[in-house]
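Because the structure is a prediction, the values reported are computed rather than measured. Below, each value reflects all heavy atoms present in this structure, side chains not excepted, and no hydrogens, waters or symmetry copies. All ligand and atom numbering here is 1-based and tracks the order in the structure.
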Amino acid sequence: MKLLYSILPPFDKLLGPQAYSPQSSWRPIAYLVQQPVPEGLLLYNTLTKALALLDAEEAESFLRGGVPSEELARQWFLVPQDHDDRQLAIQIRHIVRMLSDETVPITTYTIFTTTDCNARCFYCFQKEAVRHTMSPETARQTADFILAHSAGKHVRLQWFGGEPLYNKKAISLICKALQSTGITYESGMISNGFLFDDSTIQEAAAEWRLKDVQITLDGTEEVYNRVKAFIYPEVNAFRRVIRNIHGLLDAGIAVRIRMNVDLYNADNLIQLTQQLCSEFKGTPGFRLYTHPLFGEEVAGAAIYHEDKRKLLYQKRETISRLAREDSLTANENLRGPWKIHQCMADDDSCVTILPDGHIGKCEHFSDEGFVGHIGRDGLDEQMLLSYKALRDETDSCRTCPHYPSCIRLNRCVYSEYCFPEMREEMSMIIRQSMLETYKKLKEAKDA
Ligand code: SF4
Ligand code: SF4
């Protein structure tokens, strides 16, 4: 066995090498992901983040459940038959939390400049919500709030809506106010991309310090124009958004394309992916990914039906493969830090700020579930705790390789289900990263 990555610090010291006895009966730990390579078999431990290569002979023996390698056992790839893997994962998660500084300043602000929008997507979770737009006065108070709660740290602003560009004025006001205080910041945006133009892109790069934009494309030109149903029927919205994506990339702003996929548009999205691959292949900063349609807005979505779900995930995999072949997907960082939060909702360093100044914890709660207001001191501790409450574990969690990093919040619409296809997709993403990592390590060694 060749250890490519050892156990991630500080657990290399805390766990130490596992005591080994050839008399014990050993089995693979539940948190292994395997990936064959021409030289043998890669093993990645999602708990320790260690990566190993078995040569062809060792791989064959490992896959047959043969005699354990002492080194595999010492490095926690194997554990005794009666080992409680889940308990070990819980302990590690507990220690990681203790080691992290929980009394953090607020450094990530998702700011809803408006809940109004210039598109009319049928699946939008905000389509029935009351539409509010942030006033200049609230924008200035937002900047004051950021200044008062970020403890001088670098701040990340995430512009959100509705369509955040529908109220550019609020963005400019907040950025100008922050600049005058000397606070350092950068920003990202979730946008439909329609309202960008040359001068907005220049202002975004220079003043808003915009680093990345997520733009949703729901189909090729005709399908997209129908699904988005923009309020400007005379404009070809698809072409305009593609033009703006080029403009953003030229200005050094990364663009992440999100494709909301269900069976009704999956084949069309495969077609769109082919078009995007040929148009953006090799363009730095361009990425794409799919997201299955979910939630009460789309009660008939394929994800809720076993037979349709399988087909949907096959089509998603086709899209991912096409994007991967042209290096347009992001890879999982195998050595990333241990996860202690699911998202902004259970992370004390993040808040949302609504157009009327209410403070929230989740993008999906724009009308209720607030934890405070920028005009008042303090946050509602009970409400904050309610966002951290976890869902019950299921039987599948006991043997799931993703358990060490799986945090499922009770209030999160995306945590409601965990289907086998989702888990397989997560494993596939890890396997892909194992291949990429191995390739890079080999290249570095050959260089
Ligand atoms: S919720 Fe799903 S992904 Fe998470 S540990 Fe359980 S089975 Fe695995
Ligand atoms: S919807 Fe879920 S993942 Fe998104 S912010 Fe809310 S709790 Fe987090």
Side-chain angles (χ1 to χ4, degrees), residues 29-33 44-47 84-90 92-93 106 108-112 115 123-126 129 156-162 188-190 214 216 256 258 260 289 291-298 301 303 306 309 313 332 338-354 358-371 383-431:
I29 195 166
Y31 309 132
L32 281 196
V33 181
Y44 176 66
N45 186 329
T46 61
L47 177 68
D84 190 341
D85 302 359
R86 182 175 159 273
Q87 197 52 40
L88 179 65
I90 290 172
I92 290 208
R93 280 211 294 227
I106 304 174
T108 302
Y109 298 82
T110 297
I111 301 173
F112 289 63
T115 49
Y123 54 75
C124 179
F125 67 90
Q126 289 174 324
R156 165 88 182 178
L157 309 170
Q158 187 72 16
W159 309 111
F160 199 83
M189 184 182 290
I190 311 287
Q214 177 182 296
T216 301
R256 193 171 58 249
R258 169 168 160 149
N260 289 319
Y289 76 103
H291 181 84
L293 280 180
F294 249 108
E296 63 264 23
E297 308 86 19
V298 274
I303 194 114
E306 194 178 343
R309 190 167 63 238
Y313 272 77
E332 174 94 0
W338 273 283
K339 194 172 158 186
I340 52 171
H341 304 295
Q342 175 183 298
C343 60
M344 66 170 93
D346 60 338
D347 184 343
D348 289 340
S349 70
C350 308
V351 292
T352 63
I353 298 182
L354 280 297
H358 272 107
I359 301 167
K361 286 297 292 176
C362 165
E363 302 163 345
H364 271 253
F365 290 91
S366 57
D367 279 346
E368 45 140 353
F370 304 125
V371 297
M383 190 59 94
L384 284 170
L385 280 177
S386 77
Y387 279 102
K388 294 180 183 178
L390 299 175
R391 287 183 191 272
D392 290 341
E393 290 179 12
T394 65
D395 288 346
S396 308
C397 299
R398 300 204 154 263
T399 51
C400 175
H402 307 293
Y403 184 78
S405 59
C406 183
I407 301 167
R408 294 198 316 148
L409 301 179
N410 221 359
R411 297 187 74 150
C412 177
V413 59
Y414 299 124
S415 295
E416 201 174 342
Y417 300 97
C418 177
F419 298 119
E421 292 82 1
M422 294 172 165
R423 301 194 284 276
E424 176 47 31
E425 184 178 67
M426 289 190 268
S427 297
M428 201 271 298
I429 291 169
I430 293 177
R431 288 198 296 271

Exercise. Kindly give the heavy-atom pair with the smallest separation between K339 and H341, and that separation in Å.
Key: CE-O, 3.1 Å

Exercise. Work out how many protein N, O or S atoms lie closer to atom 8 (Fe) of ligand 2 than 2.8 Å.
Key: 1

Quiz item: For L384, which residues count as a side chain to side chain contact (heavy atoms under 4.5 Å, CB included) partner, sequence neighbours excluded?
Solution: K361, V371, L379, E381

Quiz item: Around atom 4 (Fe) of ligand 1, what protein N, O or S atoms are found below 2.8 Å?
Solution: C406 SG

Practice problem: Could you verify whether a donor N or O on one side chain and an acceptor N or O on the other, from H358 and S366, lie under 3.5 Å apart? | Solution: no

Quiz item: At a 4.0 Å cut-off, with the gap strictly under it, does some heavy atom of M426 reach an atom of ligand 1?
Solution: yes

Quiz item: For the residue pair H291 and Y414, does the interplanar ring angle fall in the parallel (under 30°), tilted (30 to 60°) or perpendicular (over 60°) class?
Solution: perpendicular

Quiz item: Under 3.5 Å, is there a donor-acceptor pair between the side chain of Y387 and the main chain of G360?
Solution: no

Quiz item: Between the side chain of T46 and the main-chain N/O of P401, is any donor-acceptor distance below 3.5 Å?
Solution: yes

Quiz item: With F160, which of I111, L354, I190 fulfils side chain to side chain contact (heavy atoms under 4.5 Å, CB included)?
Solution: I190

Self-check item: Pairs involving residues 403-423, ordered by first then second residue, that meet salt bridge (Lys or Arg N to Asp or Glu O under 4.0 Å) (sequence neighbours left out)
Solution: R309-E421, K310-E421

Practice problem: Given side-chain contact (heavy atoms from CB on, under 4.5 Å), test E424 with F419 step by step and report yes or no. | Solution: CA-CA 9 Å; E424 176 47 31; F419 298 119; over 6 Å; no

Quiz item: Name the one of Q158, R256, M189 that satisfies side chain to side chain contact (heavy atoms under 4.5 Å, CB included) with Q214?
Solution: R256

